[in-house]
Amino acid sequence: MESDPEPNRLLRPMSAAPAPAPAALLAWYDRHRRDLPWRARPGETPDAYRVWLSEIMLQQTTVAAVRPYFERFLARFPTLDSLAAAPSEAVMSAWAGLGYYSRARNLHACAQAVAAAGAFPDTEAELRKLPGIGPYTAGAIAAIAFNRQAAAVDGNVERVLTRLYAVGEPLPGAKGRVRALTEALVPADRPGDFAQALMDLGATICTPKRPACALCPWMRPCRARAEGLQETFPRKAPKSAGALRRGAAFVAVRTGDEAILLRTRPPSGLLGAMAEPPTSEWLPDYDLARALLDAPLEARWQRLPGQVRHVFTHFPLELTVFAARVSKSVAAPDGMRFTPRAALGEEPLPGAMKKVLAHAFAATGLPEPGAAVRPRAGRRREAAPTRASRKGAP
DNA sequence: GACCCGTGGCC
DNA sequence: TGGCCAAGGGT
């Protein structure tokens, strides 16, 4: 890998900042390193099994959440071979609650592959071929467990590096540049400690908000700090804010027990296996005038004023709610059920669908479940007239 | 490159 | 309180 000694020439003339020295970061690390259960103490030899296990658990998961799981997991599966030999149910149950369960499936598959091979590969390229090990994790294991001169670029490191070099290009487009900048800094001496030092720096000093620059070993060479712009990095590409989708939701209330008509969404995909009142398809050009064609059953549907808005990761949704009372004799259509009001709490209703029900309850004057406990508390939003787009005006 | 995957903490 | 974010990877 070739290192550009001046990766950011444009800013160069402005500052007489020295180049960041890996040794300065390592010296800081020696005094301020976090003591973590998966980390080898100074002088100890890192254990690849523990390093790997911790790195998988730490993907998109906080240290605080991982800590107890790591201890428990290691007690239950003390060695790679014991993990490889375990039934998958045991592995999944040890993982239960940590989230991102494909990690656990990949973990188990990876353990079996490594056990069959006899040992973990010790290079980034070979590690990368194992299930659940991507660019970041391969670099982290190679550096930390095998002291290879590899870069482990995660969210922390991206933040540190974009500040250090005032990288103006937004992420994720700048990922390649950031990786190159990181690789150029990785020292031949103690690359494993360097990787961990970079992450500790990002986690404790170079934090997303209010970074503690005064305590940073790299305050002097930091380009962003020199301009007072540290909190503006990393730049991020404006979220593509998918197109608005619209649809209709149908809330049928059964007279007598006040049960609500619900169905379960398909097991995978958006809101997989979650419950919802029946809705139409959600389309950018949904035609409300024909909404009743999408109703789950025949009834005197009443269109409620206003809409329910919900923003998913990736697109905003606007549902118009239709409500109807149906008689006790009406059977739920295939694949649907009437859930009594008292049992709604047991239904896996996602936030968007709770909004739909709340909207219907408010508009029809029915008390929401739990509403009686705290009548008109604090700032309770009225569901009726939709507040039109008020995002525009700051 | 878009999209999906889970959970807890923070403001 | 809800929206954002956190030691990413797979498809």
Side-chain angles (χ1 to χ4, degrees), chain A residues 34 36-39 50-70 92 95-107 109-110 127-145 150-161 170-173 175-176 178-179 182 192 195-204 206-210 234 236-237 239-243 245 265-274 308-316 348 350-352 354-355 358 374 377-381 391:
Chain A
R34 289 177 294 174
L36 301 171
W38 45 86
R39 218 171 237 187
R50 296 166 65 100
V51 172
W52 162 70
L53 176 61
S54 67
E55 289 301 339
I56 303 298
M57 286 187 166
L58 285 162
Q59 288 168 3
Q60 295 289 282
T61 309
T62 59
V63 165
V66 166
R67 210 184 270 270
Y69 276 88
F70 179 81
M92 298 309 290
W95 197 276
L98 247 197
Y100 283 128
Y101 298 100
S102 67
R103 289 186 299 173
R105 293 190 290 274
N106 285 332
L107 183 87
C110 184
L127 286 162
R128 183 68 184 75
K129 297 176 182 171
L130 291 165
I133 298 183
Y136 161 75
T137 307
I141 297 174
I144 298 169
V153 185
D154 67 348
N156 280 317
V157 176
E158 285 178 346
R159 187 169 58 253
V160 172
L161 270 288
L171 291 171
K175 273 181 179 295
V178 172
R179 168 163 275 274
T182 309
Q196 298 178 89
L198 223 32
M199 289 187 267
D200 277 18
L201 188 71
T204 65
C206 198
T207 50
K209 279 167 290 185
R210 298 180 60 87
K236 295 195 177 171
K239 292 157 198 162
S240 50
R245 302 185 200 177
R265 295 178 58 87
S268 62
L270 181 64
L271 303 178
M274 304 294 279
V308 169
R309 292 181 58 85
H310 185 82
V311 181
F312 291 99
T313 318
H314 171 168
F315 66 92
K354 286 183 177 169
K355 287 183 197 173
R374 45 179 189 121
R379 53 185 174 107
R380 191 165 191 77
R381 299 256 162 83
K391 301 254 168 152

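Proteins come first, then strands; the chains are lettered A, B, ... in the order of their sequence lines, and each starts at number 1.
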Over how many whole Å does the gap from [X] atom [atom1] to [N] atom [atom2] extend?
X: Leu107(A); N: dG8(C); atom1: CG; atom2: P; answer: 16 Å
X: Arg103(A); N: dC4(B); atom1: CZ; atom2: C1'; answer: 14 Å
X: Lys355(A); N: dG3(C); atom1: NZ; atom2: C1'; answer: 10 Å
X: Glu158(A); N: dC5(C); atom1: CD; atom2: P; answer: 13 Å
X: Arg34(A); N: dA6(C); atom1: CZ; atom2: P; answer: 14 Å
X: Leu130(A); N: dG8(C); atom1: CG; atom2: C1'; answer: 16 Å
X: Leu127(A); N: dG8(C); atom1: CG; atom2: C1'; answer: 15 Å
X: Met57(A); N: dG9(C); atom1: CE; atom2: P; answer: 16 Å

Touch check for [X], heavy atoms < 4.0 angstrom, all strands: base, sugar-phosphate only, or nothing?
X: Leu198(A); result: nothing
X: Ile56(A); result: nothing
X: Arg159(A); result: sugar-phosphate
X: Thr137(A); result: sugar-phosphate
X: Trp95(A); result: nothing
X: Pro172(A); result: nothing
X: Gly97(A); result: sugar-phosphate

Considering only heavy atoms from C-beta outward, does the side chain of [X] approach that of [Y] to under 4.5 Å?
X: Trp38(A); Y: Val66(A); value: yes
X: Ile56(A); Y: Trp95(A); value: yes
X: Val63(A); Y: Met199(A); value: no

- Query: Can you name the closest pair of heavy atoms from Leu130(A) and Cys110(A) and give their distance?
  - Reply: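 It is CB-SG, 3.8 Å.
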
- Pairwise 5' ranking along DNA chain C for Asn106(A) and Val63(A), keeping only the more 5' one: Val63(A)

- 5′-ward residue of the pair Glu55(A)/Gly132(A) relative to DNA chain C: Glu55(A)

Can you tell which of [options] lies closest to the side chain of [X]?
X: Arg128(A); options: dG10(C), dG9(C), dC5(C); answer: dG10(C)
X: Tyr100(A); options: dA6(C), dC11(B), dG6(B); answer: dG6(B)
X: Gln59(A); options: dG8(C), dC11(B), dG6(B); answer: dG8(C)

- Item | From Gln59(A) atom CD to Leu98(A) atom CG, the distance as rounded to the nearest 0.5 Å | 11.0 Å

- Within the pair Gln60(A) and dG8(C), is there a side-chain N or O less than 4.0 Å away from OP1 or OP2?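 So the side-chain polar atoms of Gln60(A) do come within 4.0 Å of the phosphate oxygens OP1 or OP2 of dG8(C), strictly under.
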
- Query: Cut-off 3.5 Å, side chains only: do Arg39(A) and Gln196(A) have a donor facing an acceptor?
  - Reply: yes

- Message: Closest-nucleotide mapping onto DNA chain B: is Lys209(A) or Gly99(A) further toward the 5' terminus? I mean the 5' end.
- Response: Gly99(A)

- dG6(B) and dT11(C), which share atom name P, separated by this distance in whole Å: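 About 14 Å, rounded to a whole number of Å.
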
